[in-house]
Amino acid sequence: MAAPMAALPGRALRAYQGQRLLRLWLGRGVCGGARRPAAAANGGETHFGFQTVSEAEKGEKVYQIFKNVAKKYDLMNDSMSLGIHRVWKDILLRQMNPYPGTQLLDVAGGTGDIAFRFIHYVHSQREHRARQKLRSHQNLSWQEITKLYQEEEHKSLGGSHVVVCDINEEMLKVGKQKSQQLGYSEGLSWVVGNAEELPFNDNSFDVYTIAFGIRNVTHIDQALQEAYRVLKPGGRFLCLEFSHVNNSLISSLYDLYSFQVIPVLGEVIAGDWKSYQYLVESIRRFPAQEEFKEMIEDADFLKVEYQNLASGIVAIHSGFKL
C-alpha cells in the first residue's frame with residue numbers, strides 16, 4: 001500500500017464550515033428526524049448506476065430502492081454473496097477491536113448487522129476478561145463468584161454504545177425488529193439521518209463505520225468530511241465496501257455473475273430486478289481502492305490504508321482523525 005499523502009491541517013473542516021454556511025443560507029439545514037433527502041441546491045448531475053440523473057433524483061431513487069428491498073435485504077445479501085458478507089463483516093469487527101466504553105456510529109447500517117456484531121464482540125470480550133479474573137482467584141467462595149458474574153452481567157458492555165444512523169426509515173424498522181428478536185437492547189440507539197449532514201455534535205464518537213453504504217451517497221466527499229467532524233481526536237474511520245477486483249480471471253467471472261445472476265436473484269427472491277441491477281451498476285461506478293484512499297486523505301484522515309478481501313471484490317478502508 002502507498003504511504004498516506006500529507007494533509008493540510010483543518011482543510012476539510014474549513015471546507016465543511018463553508019459548505020454548511022451556504023446550506024444554512026439556502027434554507028436546507030441539518031438533516032434529522034424522518035426527512036427524505038433534500039433536493040440539491042445546485043441542481044447538478046450525478047450517476048445512478050450507469051444512468052446520468054440530477055442529484056435530487058438520485059437521492060429519491062436510492063431512497064425508494066432501499067425502501068423496496070428492506071424486508072428482503074438480509075436474505076438477498078446471503079443469496080448474492082453465498083453468506084460470505086457475514087465473514088467480511090466479522091473481519092471488520094476484528095479490525096475495529098473495540099474496547100469497553102467505545103462509542104460507535106454505524107452509518108447506513110439500518111438492518112443492524114454491524115451494530116449487533118459490535119455488541120456481541122464487546123460482550124464476549126468482557127466475559128473473557130471475567131473468566132480470566134476468576135481463574136486468577138481460585139480461593140473465592142461460590143457466593144463471591146456469583147457476585148462477580150452478576151456484576152459483570154449488570155455492566156456487560158462497560159459503557160459501550162452504538163448509534164445506528166440510516167436515512168431510510170424502512171431499513172431502520174427492519175433493524176429494530178431484528179434487535180427485538182435477538183434480544184439486543186442495551187447500548188443501542190436508532191437515528192434517522194443523512195450521511196452527508198449527520199445530526200450529531202462534533203467530536204462525539206470513537207469509531208465511525210459504514211458497510212456497503214457509501215457508494216449510494218450522492219456526495220461521497222461530503223460524507224467523508226462529516227465522518228471526520230463527528231469523530232473524536234484519535235477516532236477511527238472504517239469503511240467496508242465493494243471495490244475493484246485485481247485478478248483478471250476472477251474479474252471476468254465476477255462480472256458474469258454480477259450482471260447475469262444477481263438481477264435474476266433479485267427478481268426471484270425480492271420481486272425486484274431493477275433495484276439489484278442498480279446495485280450491481282453502483283459497484284462498478286465506485287472509485288477504485290487507491291482513488292478512494294485519496295478521497296479519505298483529502299478529508300484530512302491520516303494513516304489511511306486498505307485491505308483487499310476476496311481479490312478486491314470488497315475492501316476495508318481505515319483512517320484516523322489525528
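Keep in mind that the numbers below use all heavy atoms, side chains included, and drop hydrogens, waters and symmetry copies. Values in this document were obtained by computation on a predicted structure and should not be read as measured data.
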Modelled atom types, side-chain donor and acceptor of [X] and [Y], under 3.5 Å:
{"X": "Q307", "Y": "Q95", "answer": "yes"}
{"X": "K321", "Y": "N203", "answer": "yes"}
{"X": "E281", "Y": "Q277", "answer": "yes"}
{"X": "N216", "Y": "Y278", "answer": "yes"}
{"X": "Y121", "Y": "N97", "answer": "yes"}
{"X": "T102", "Y": "D206", "answer": "no"}
{"X": "Q289", "Y": "S243", "answer": "yes"}

Report task. Just do the side-chain contact (heavy atoms from CB on, under 4.5 Å) check on V314 and I316 with the steps written out, would you? Result -> CA-CA 7 Å; V314 299; I316 297 175; over 6 Å; no
Requested in this report: Could you check if a side-chain atom of K178 sits within less than 4.5 angstrom of a side-chain atom of D74, using non-hydrogen atoms only?
Outcome: yes
Query raised in the report: Only one of F292, F320, F237, Y306 clears ring-ring contact (aromatic ring centres under 6.0 Å, His included) with F301; which?
Result: F237
Can [X] and [Y] be counted as an ion pair, charged N to O under 4.0 angstrom?
{"X": "E297", "Y": "K293", "answer": "yes"}
{"X": "D255", "Y": "R284", "answer": "yes"}
{"X": "D90", "Y": "R117", "answer": "yes"}

Report task. Return the orientation label for the Y184 and F116 ring planes: parallel under 30°, perpendicular over 60°, tilted otherwise. Result -> parallel
Requested in this report: Answer yes or no: are there more than 12 heavy-atom neighbours, outside K274 itself, under 6.0 Å from its atom NZ?
Outcome: no
Query raised in the report: Would you find more than 12 non-hydrogen atoms of other residues, nucleotides or ligands less than 6.0 Å from K173 atom NZ?
Result: no
**Report entry** Taking every non-hydrogen atom, the tightest pair across S258 and P263
**Finding:** O-CD, 3.1 Å
Query raised in the report: Any idea which heavy atoms bring V163 and V191 closest together, and the distance?
Result: CG1-CG2, 3.8 Å
Report summary line: One should read off an interatomic distance between F200 CZ and L231 CG, to the nearest 0.5 angstrom, of 12.0 Å
Any donor-acceptor pair under 3.5 Å linking the side chain of [X] with the backbone of [Y]?
{"X": "S251", "Y": "N247", "result": "no"}
{"X": "S160", "Y": "G101", "result": "yes"}
{"X": "E196", "Y": "T218", "result": "yes"}
{"X": "S282", "Y": "L279", "result": "yes"}
{"X": "N308", "Y": "S311", "result": "no"}
{"X": "H161", "Y": "L105", "result": "no"}
{"X": "S179", "Y": "K176", "result": "yes"}

**Report entry** salt bridge (Lys or Arg N to Asp or Glu O under 4.0 Å) assessment of D113 paired with R86
**Finding:** CA-CA 9 Å; D113 269 9; R86 298 174 182 271; 6.0 Å; no
Requested in this report: Answer with yes or no after comparing the ring centroid distance for F242 and F286 against a 6.0 Å cut-off, counting only values under it.
Outcome: no
